[in-house]
Amino acid sequence: MKKTTITLMIFVSAAFLIFIGCERKVIIENSEVSLTGDCFSCHGEDGLLLAAQGEWLNSVHASGTSVDYTNRGGSDCSKCHSHQGFLEFLETGEVSPPYDQVSAIHCFTCHAPHETGTLELRADEPVELQNGEIFDYGKGNLCVHCHYSRFDVRTITDNYEQTSSRFGAHHGPQGDLIAGTGGYEIDGYSYRNSGHATAVRDACAGCHMGQPERIHDGYKIGGHSFNMVDEDTGSDLSVLCQACHSDIDDYDYTADADHDYDGEIEGYQTEVDGLLDSLAILLIAEGVLDSTNHRPIEDITIADGNVMGALHNYGIVEEDRSHGIHNYKYIVDLLQSSVDYLD
Ligand code: HEC
Ligand code: HEC
Ligand code: HEC
Ligand code: HEC
Ligand code: HEC
Ligand code: HEC
């Protein structure tokens with residue numbers, strides 16, 4: 001056979017393999033990797049991946065600005081702040097930084113399309129929160145592998161030795177508050193739950209990835225941007241809330257008198273921020289919160305466990321950053337009981 005015929009035959013069989021979509025192996029960094037699936041079912045012309053990419057580029061996950069590359073790869077922060085740390089954690093339950101070529105959270109952190117041939121999530125099993133409660137709300141489980149309170153509220157006792165200005169839930173305790181747990185509940189008060197975890201499909205993903213109109217402001221909100229608000233234009237996804245709350249046209253919409261806690265009828269988020277401010281003033285007066293940076297005061301023993309609990313409630317609500325929306329009733333009850341107790 002002529003050389004060109006052989007080349008042509010090889011080319012045709014390769015093309016055939018690509019089209020039938022059987023398993024292929026490629027060499028990446030000296031190791032053989034299997035790629036499964038019909039490439040074009042995902043890499044097609046329908047723009048499925050392009051839209052996700054466009055959105056992801058506008059996400060905080062992509063920017064990963066909060067922890068520098070050295071930190072992401074070189075400390076325990078890597079479990080949640082890096083792709084490599086998260087994957088190792090999922091596989092072994094541990095992290096062993098530093099990693100080579102450490103990268104931010106991206107497509108392959110949450111999906112493993114070239115291993116599974118699908119876009120299913122890498123992790124969707126329920127998550128045990130620090131206080132032993134189980135978070136199990138569909139695809140929201142993925143998010144709560146990282147977005148949970150890092151403090152076990154059950155460890156609060158009287159005569160608590162408070163040794164760290166970083167005491168508390170740390171950043172991102174959304175999983176706990178959505179589920180209506182993780183706050184410090186003072187004996188004699190009752191704590192309600194607004195129930196967004198069960199009402200909204202896939203909890204976190206149902207709101208943050210909600211996409212009633214897929215192309216919003218150049219992919220700035222919804223979908224894989226995970227953003228609820230476009231910081232530049234102020235446009236939001238409140239159209240998504242209207243499926244259940246016909247009256248919401250802004251997350252801070254004005255509540256009726258039933259939801260008033262300070263004698264002035266304000267928006268839901270403003271109301272929660274007001275309660276947080278009142279609690280801060282009381283915690284500062286107790287000598288447990290720093291008046292300038294609002295951080296817990298360290299190296300003190302706090303005699304009353306409920307004061308310690310109120311300090312924790314302040315931190316967990318502040319770090320949740322939804323200003324009450326995630327679980328309005330639970331969040332308001334945590335703040336109000338803390339304020340009442342200290343008052
Ligand atoms: C189940 C969906 C899916 C299938 C099937 C799939 N891919 Fe991908 N692929 C992705 C996603 C998601 C990405 C990441 C987003 C992007 O870069 O577009 C990606 C990225 C890539 C990249 C860029 C690599 C990188 O590191 O960014 C290459 C090359 C690629 N795919 C090749 C293939 C080939 C070849 C096949 C068929 C054997 C295939 N893909 C099948 C979903 C898929
Ligand atoms: C691998 C861990 C991890 C997973 C999984 C994860 N996140 Fe995140 N998320 C982070 C980290 C870390 C940040 C902060 C990144 C930074 O600031 O550098 C963040 C930031 C965010 C932000 C932006 C907060 C801001 O400052 O504006 C939103 C919103 C968010 N995540 C929602 C989600 C949702 C919804 C899911 C599930 C679909 C999810 N995350 C899954 C770790 C994770
Ligand atoms: C269990 C997961 C997890 C670990 C471990 C973790 N973080 Fe985070 N971190 C998050 C999440 C989730 C966010 C985003 C929360 C949000 O925006 O509400 C975040 C946000 C941050 C932010 C931005 C806060 C802000 O106000 O914008 C900083 C800074 C940060 N982390 C530093 C660190 C450092 C430093 C470490 C290691 C000592 C670390 N984190 C370990 C999950 C984690
Ligand atoms: C933080 C985790 C996370 C990251 C990072 C992530 N995804 Fe996803 N992705 C999800 C979740 C959760 C869903 C399911 C959304 C739902 O069902 O509402 C999803 C769904 C999808 C879908 C199908 C649904 C749709 O209409 O978008 C595609 C396609 C996709 N992802 C591609 C990508 C690509 C490409 C990237 C990188 C640019 C990426 N994903 C990064 C979590 C993630
Ligand atoms: C009912 C819809 C809804 C659900 C469910 C939901 N969120 Fe939110 N989330 C919001 C809204 C609304 C805000 C506030 C946006 C604002 O006012 O800036 C927010 C704020 C946040 C922020 C802070 C973002 C910022 O820019 O400051 C993070 C991080 C976050 N949510 C993560 C999550 C995670 C993780 C889950 C699941 C455990 C979740 N959310 C579930 C609606 C929701
Ligand atoms: C799938 C339905 C659903 C969606 C979508 C939804 N919610 Fe809710 N929401 C509920 C339910 C159910 C309650 C509990 C009502 C109650 O306790 O009477 C609730 C309660 C609330 C409350 C507390 C109201 C009160 O009277 O105590 C606020 C505030 C709220 N949601 C805001 C939002 C915002 C903002 C969005 C969009 C980001 C949203 N919700 C999306 C179902 C939903």
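Because only heavy atoms are used, hydrogens play no part in the values below, and waters and symmetry mates are left out as well, while side chains stay in. Keep in mind it's a predicted model, so treat the numbers as computed, not measured. Whatever order the structure lists them in is the order used to number ligands and atoms, beginning at 1.
- Of all the heavy atoms of Ile248, the ones lying under 4.0 Å from any atom of ligand 6 belong exclusively to the side chain.
- Atom numbering of ligand 6 starts at 1 in the shown order; those under 4.0 Å from a heavy atom of Leu240 are 5 (C).
- Close contacts of ligand 1 with Thr118, meaning ligand atoms under 4.0 Å from a residue heavy atom, involve 1 (C).
- Here the N, O or S atom of His245 that is nearest to atom 8 (Fe) of ligand 6 is NE2.
- Close contacts between ligand 1 and Pro113 involve ligand atoms 1 (C), 2 (C), 3 (C), 10 (C), 11 (C), 12 (C), 42 (C), 43 (C) [criterion: under 4.0 Å to a heavy atom].
- A ring pair (Phe, Tyr, Trp, His ring centres under 6.0 Å) with His312 holds for exactly one of Phe151, Tyr184, Tyr160; it is Phe151.
- Distances from ligand 1 to the non-hydrogen atoms of Asp38 include at least one value under 4.0 Å.
- Taking CG of Asp236 as the start and CG of Asp250 as the end, the distance is 6.0 Å to the nearest 0.5 Å.
- Atom-to-atom distance recorded for Gln162:CD and Thr301:OG1 is 9.5 Å, nearest 0.5 angstrom.
- The side-chain hydrogen bond (donor to acceptor under 3.5 Å, both in side chains) pairs that include a residue from residues 272-286 are Asp273-His323, where partners are two or more places apart or lie in different chains.
- Residue Asn193 has no nitrogen or oxygen atom sitting less than 3.5 Å from a nitrogen or oxygen atom of ligand 6, judged on distance alone.
- The closest approach between Ala243 and ligand 6 stays at or above 4.0 Å for every heavy atom of the residue.
- Close approach to Cys244 involves these atoms of ligand 6, each under 4.0 Å from a residue heavy atom: 1 (C), 2 (C), 3 (C), 4 (C), 5 (C), 42 (C), 43 (C).
- For Leu50, the side chain to side chain contact (heavy atoms under 4.5 Å, CB included) partners two or more places apart in sequence, or in a different chain, are Gln53.
- Here is the list of ligand 1 atoms found below 4.0 Å of a heavy atom in Cys107: 14 (C), 15 (C).
- Ranking the protein heavy atoms by distance from atom 14 (C) of ligand 6 puts Ser194 O, 3.0 Å first.
- When the shell of 6.0 Å around CD of Glu125 is examined, it contains more than 12 heavy atoms from other residues, nucleotides or ligands.
- In the hydrophobic clustering of this structure, Ile284 groups with Leu279; members are Ile, Leu, Val, Met, Phe, Trp, Tyr whose side-chain heavy atoms approach within less than 4.5 Å, directly or through other members.
- At a heavy-atom distance under 4.0 Å, no atom of Arg201 approaches ligand 6.
- In this structure, His111 does not count as a contact residue of ligand 1, since none of its heavy atoms falls inside 4.0 Å of the ligand.
- Between the side chains of Glu120 and Thr118, at least one donor N or O lies within less than 3.5 Å of an accepting N or O.
- The protein heavy-atom contact nearest to atom 16 (C) of ligand 5 is Val229 CG2, 3.8 Å.
- Distances below 4.0 Å separate heavy atoms of Tyr251 from the following atoms of ligand 6: 35 (C), 38 (C).
- Remark: ligand 1 atoms within the under-4.0 Å shell around heavy atoms of Gly117 are 1 (C).
- For the atom pair OH of Tyr330 and CD of Glu185, the computed distance is 4.0 Å after rounding to the nearest 0.5 Å.
- Nearest to atom 24 (C) of ligand 6 among the protein's heavy atoms is Tyr268 OH, 3.5 Å.
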(message) Between Thr155 and Asp152, does the side chain to side chain donor-acceptor pair (under 3.5 Å) criterion hold? Intermediate values first, please.
(response) CA-CA 6 Å; Thr155 59; Asp152 180 357; 5.5 Å; no
(message) Does Glu88 form a side chain to side chain donor-acceptor pair (under 3.5 Å) with Ser96? I'd like the steps, not just the answer.
(response) CA-CA 8 Å; Glu88 187 185 3; Ser96 54; 2.6 Å; yes
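- Within His114, the N, O or S atom at minimum distance from atom 8 (Fe) of ligand 1 carries the name NE2.
- Coordination check, Cys39 versus atom 8 (Fe) of ligand 1: failed, since every N/O/S atom of the residue sits at 2.8 Å or beyond.
- Proximity to His147 (heavy-atom distance under 4.0 Å) selects the following atoms of ligand 5: 35 (C).
- Contact analysis puts Ala203 in contact with ligand 5, with a non-hydrogen atom separation below 4.0 angstrom.
- In this structure, Tyr253 OH and Ser238 OG are separated by 11.0 Å, a value rounded to the nearest 0.5 Å.
- When distances to atom 8 (Fe) of ligand 1 are checked against a cut-off of 2.8 Å, Cys42 contributes no N, O or S atom below that limit.
- For atom 18 (O) of ligand 6, the closest heavy atom belonging to the protein is Lys329 NZ, 3.3 Å.
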(request) For the pair His83 and His106, evaluate ring-ring contact (aromatic ring centres under 6.0 Å, His included) and give the outcome as yes or no after the intermediate values. (result) CA-CA 7 Å; His83 168 74; His106 59 74; 4.3 Å; yes
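- The backbone N or O of His326 sits less than 3.5 Å from a side-chain atom of Ser322, completing a donor-acceptor pair.
- Following chains of ILVMFWY side-chain contacts shorter than 4.5 Å, one can reach Leu335 starting from Ile186, so the two form part of one hydrophobic cluster.
- Counting heavy atoms of neighbouring residues, nucleotides and ligands inside a 6.0 Å radius, atom CG of Asp187 does not exceed 12 of them.
- In terms of protein heavy atoms, atom 17 (O) of ligand 5 is closest to Gln269 NE2, 3.0 Å.
- If you check which protein heavy atom lies closest to atom 36 (C) of ligand 6, you get Cys241 SG, 2.8 Å.
- Using a 4.0 angstrom heavy-atom cutoff, Phe108 counts as in contact with ligand 1.
- Around atom 8 (Fe) of ligand 5, the protein N, O or S atoms closer than 2.8 Å are His208 NE2, His326 NE2, listed by chain and residue number.
- Residues Gln269 and Ile325 form a side-chain contact, since some pair of their non-hydrogen atoms from C-beta on lies under 4.5 Å apart.
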For residues 200-208, dump all side-chain donor-acceptor pairs below 3.5 Å to protein atoms at least two apart in sequence or in another chain.
from: Asp202; atom 1: OD1; to: Lys139; atom 2: N; distance (Å): 2.9
from: His208; atom 1: ND1; to: Phe226; atom 2: O; distance (Å): 2.8

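- Note: no N/O pair closer than 3.5 Å links Tyr328 and ligand 6 by distance alone.
- Listed by number with element, the atoms of ligand 5 under 4.0 Å from a non-hydrogen atom of Val144 are 38 (C).
- Residue Arg192 does not touch ligand 6, judged by heavy-atom distances below 4.0 Å.
- Two residues are said to be in side-chain contact when any heavy atoms from C-beta on lie closer than 4.5 Å; Thr181 and Leu129 meet this criterion.
- Taking CG of Asp176 as the start and CZ of Arg150 as the end, the distance is 10.5 Å to the nearest 0.5 Å.
- Nearest protein heavy-atom neighbour of atom 12 (C) of ligand 6: Ala199 CB, 4.0 Å.
- Counting only heavy atoms of the protein, atom 25 (C) of ligand 6 lies nearest to His259 NE2, 3.5 Å.
- The distance from atom CD of Gln130 to atom CD of Glu128, rounded to the nearest 0.5 Å, is 8.5 Å.
- Interface atoms of ligand 5 facing Gly175, defined by a heavy-atom separation under 4.0 Å, are 38 (C).
- A continuous path of Ile, Leu, Val, Met, Phe, Trp and Tyr side chains, each step under 4.5 Å between heavy atoms, connects Val317 with Tyr328, placing both in one hydrophobic cluster.
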